[in-house]
Amino acid sequence: MAKITGIRGMNDVLPGDSARWQYLENIVRHLLAQYGYQEVRTPVVEQTPVFTRGIGEVTDIVEKEMYTFEDRSGDSLSLRPEGTAGCVRAMIENGLLHNQTQKVWYQGSMFRYERPQKGRYRQFNQIGVETFGLTGPDIDAELIVLTARLWKALGIDHAVTLQLNSLGTSEARANYKAALVDYLNSRKDQLDEDSQRRLSTNPMRILDSKNPQTQALLSEAPSLLDWLDEESKEHFAGLTSRLDACGVSYEVNPRLVRGLDYYGKTAFEWVTDALGAQGTVCGGGRYDGLVEQLGGKSTPAVGFAMGVERLLLLIEALNQFPEDLTSTADVYIAVMGEKAEQVVMPWAERLRTDAPNLRIVAHNGGGGFKAQMKKADKSGAHFALIIGDDEVANEQVAVKDLRGDAEQVSLPLADVANHLITKIDGVN
RNA sequence: GUGACCGUAGCUCAGUCGGUAGAGCUCUGGAUUGUGGCUCCAGCGGUCGUGGGUUCGAUCCCCAUCGGUCACCCCA
């Protein structure tokens, strides 16, 4: 019989790792609440046109990376390859964009059929933030400032840099695109194969080619910034002045184009060189045309998404995880003798009632007393509680400090919870 | 989709110029009948990724295949 395995590029988050995910998620959730953003949860599967119309037919994501299938009624469905399109669909469908502004975020799995490598998986998780109904550069700035605060909270701010660009209005972009194609067509023979192909399909993407010869050729090419219309220039200036005022530094990168068709004006990426080839940790921009594209009333919008796995890899690489994440208990209860085994459950229940914020693990599964103490140590608990025949007879519990040098004491059961709470609060 | 490298114990790896394998960590028990971390001893644990070929004999050599990793591409 063939061995049953998980699917390539789709990973398990195991007990030893889940605390790290929760650590990141908790920080993000708290931070977004600080800015007044609300969470939305949308399905993992959408009708395929949500993505083909939203992301763009000729993008790589839609052309060759989507998990698309027919359901039993013959409808074409797709696993979401990104979060924005589905989020916009939900906002339109529920009438949440009618004369109101919205600030929302989501978190969840996305799916793309690609060859896995470091920081790139077939099922991966994004935390995304989207805002609707706001035209000015102040909201673009707020989103970026918010991410900057997040990097600080995670201890990775020294390892990421902000790349910033304006893609202009669609008219400006169309004019620029024509100029770029003109320039590159005259030097077509010097382009690498991929770039030659993109010349007709998606010429802007040639700008961020990694091919050094192509990059050299581009140094003489027309720059997007020179083709910006007044409106876009003003918007971009409004954004940069606010970033300056908040002390967020950035690098203007006129070659920064994003892979999804719906972006215009502001585009940004936070990148790191600490993760190998997949260095973009967060990316986003303005997509004023998308809501209309998906059948809603024209609504301005800005948003971004960050890659959870990449952030976790980066925090790990920079050694920024708190040390106590591996601990599974604050208090570990070891028992000896039949009488103790009889009372340990009700006693532990009482402690959990009296000290609801402590993680209290009662030993299961028998084994010698020494083995129980080893487990107490491995659990990361600050205290071991010891219940043997003597303790049962006196309604007492022996409290042993596993981390400090306090003397072991015996306390009446009724006093144990308070003792632990004060001691452990003091430690934390 | 293309390329490079790699598959030996649960994990990290050694090894056999071809004679069916070993260490560290983990786990269990003991040295220390009710006291963890350090140390020492013992035990548990392997179709050497899978299939085929060469050979008296293959974990080792050859071929294929599957899987993993990294990179291209693309993006979070």
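Note that these values count all heavy atoms, side chains included, but never hydrogens, waters or copies made by symmetry. All chains are named by letter (A, B, ...) in the order of the sequence lines, taking the proteins before the strands, and each is independently numbered beginning at 1.
- For the C1' atom pair drawn from B/U33 and B/U20, the interatomic distance equals 45 Å after rounding to whole Å.
- Atom P of B/C6 sits at a distance of 28 Å from the matching atom of B/U55, rounded to the whole Å.
- Within the 4.0 angstrom heavy-atom criterion, base atoms lie near A/Glu391.
- To the nearest angstrom, P of B/C70 lies 14 Å from CD of A/Glu114.
- Considering only side-chain atoms of A/Ala305, the nucleotide from B/A76, B/G36, B/G1 that sits closest is B/A76.
- Counting non-hydrogen atoms under 4.0 angstrom, A/Tyr121 reaches a base of the nucleic acid.
- Residues A/Phe268 and A/Asn165 have side chains not in contact (no heavy-atom distance under 4.5 Å, counting atoms from C-beta outward).
- Base contact: A/Gln278 has a heavy atom under 4.0 Å from a base atom.
- Separating the P atom of B/G49 from that of B/C11 is a span of 13 Å, rounded to the nearest Å.
- When distances are taken from the side chain of A/Asp60 to each of B/C73, B/U35, B/G1, the shortest belongs to B/C73.
- Here the side chain of A/Arg115 is nearest to one of B/U35, B/A71, B/A76, namely B/A71.
- Atom CZ in A/Arg80 sits roughly 14 Å away from atom P in B/A76 (whole-Å rounding).
- Only the C1' atoms considered, B/G51 is 10 Å distant from B/C66, to the nearest whole Å.
- Contact check, A/Gln117 against B/A71: a side-chain N or O comes under 4.0 Å of OP1 or OP2.
- Within the shown strands, B/U2 is the pairing partner of B/A71 under the Watson-Crick or G-U definition, both distances less than 3.5 Å.
- Residue-to-nucleotide proximity on RNA chain B shows that, of A/Thr5 and A/Phe369, the 5′-proximal contact is made by A/Phe369.
- When the P atom of B/A76 is taken as reference, atom CD of A/Glu82 falls 8 Å away, rounded to whole Å.
- A cation-pi arrangement, defined by a distance under 6.0 Å to the six-membered ring centre and an angle within 45 degrees of its axis, is present between A/Arg122 and A/Tyr113.
- Considering only side-chain atoms of A/Ile386, the nucleotide from B/C73, B/G1, B/U35 that sits closest is B/U35.
- Rounding to whole angstrom units, CE of residue A/Met336 and C1' of B/G36 are separated by 13 Å.
- Among B/A76, B/G36, B/C70, the nucleotide with an atom closest to any side-chain atom of A/Arg310 is B/A76.
- Rounded to the nearest 0.5 angstrom, A/Trp227 CH2 and A/Thr169 OG1 are separated by 12.5 Å.
- As rounded to the nearest Å, B/G52 and B/G45 have C1' atoms that lie 30 Å from one another.
- Residue-level contact check: A/Gly119 touches the bases, meaning some heavy atom is under 4.0 Å from a base atom.
- Under the side-chain hydrogen bond (donor to acceptor under 3.5 Å, both in side chains) criterion, A/Gln47 pairs with no residue at all, not counting sequence neighbours.
- Minimum atom distance to the side chain of A/Lys375 is reached by B/U28, of the listed B/C70, B/A76, B/U28.
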A/Glu130 vs A/Thr84, side chain to side chain donor-acceptor pair (under 3.5 Å): CA-CA, chis, key distance, verdict: CA-CA 7 Å; A/Glu130 317 285 1; A/Thr84 301; 2.7 Å; yes

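- Listed nucleotides: B/G29, B/G36, B/G68. Nearest to the side chain of A/Asp377: B/G36.
- Projected onto RNA chain B by closest heavy-atom contact, A/Leu402 and A/Phe124 fall at different nucleotides, the more 5' of which corresponds to A/Leu402.
- Backbone-only engagement by A/Ala371 is indicated by non-hydrogen atom pairs under 4.0 Å involving sugar-phosphate atoms exclusively.
- In this structure, A/Met373 atom CE and B/U33 atom P are separated by 15 Å, rounded to whole Å.
- The base of B/U35 does not come close enough to the side chain of A/Gln372 for any donor and acceptor atom to sit less than 3.5 Å apart.
- For A/Lys400, counting side-chain heavy atoms from C-beta on, the closest listed nucleotide (B/C73, B/G36, B/U28) is B/G36.
- Look at NZ on A/Lys118: it is 19 Å from P on B/C6, rounded to the nearest Å.
- One can place CG of A/Asn11 at 19 Å from P of B/A76, the figure rounded to the nearest angstrom.
- Here the separation of B/G18 from B/A58, taken at their P atoms, is 13 Å to the nearest Å.
- Taking atom P on both B/C5 and B/C61, the two are 15 Å apart, rounded to the nearest angstrom.
- Residue A/Asn125 is out of contact with every strand shown, counting any heavy-atom pair closer than 4.0 Å.
- In this structure, the side chains of A/Phe111 and A/Met10 come closer than 4.5 Å at one or more pairs of heavy atoms.
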A/Val129/A/Val104 under side-chain contact (heavy atoms from CB on, under 4.5 Å): CA gap, chis, key distance, verdict: CA-CA 6 Å; A/Val129 180; A/Val104 300; over 6 Å; no

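- Judged by Watson-Crick or G-U wobble contacts below 3.5 Å, the nucleotide B/C40 has B/G30 as its partner.
- Taking only side-chain atoms of A/Asp390, from C-beta outward, the nucleotide of B/U26, B/G36, B/G34 with the closest atom is B/G34.
- Salt bridge present: A/Glu39 and A/Arg41 bring a charged side-chain N and a carboxylate O closer than 4.0 Å.
- If you check every strand for non-hydrogen atoms under 4.0 Å, A/Arg120 touches a base.
- Across B/C40 and B/G34, the matching C1' atoms stand 23 Å from one another, rounded to whole Å.
- Among B/C27, B/G37, B/A71, the nucleotide with an atom closest to any side-chain atom of A/Lys378 is B/C27.
- Between A/Lys370 atom NZ and B/G37 atom C1' the separation is 10 Å, expressed in whole Å.
- Across the strands present, B/G7 finds its partner in B/C66; the criterion is a Watson-Crick or G-U wobble pair with both atom distances under 3.5 angstrom.
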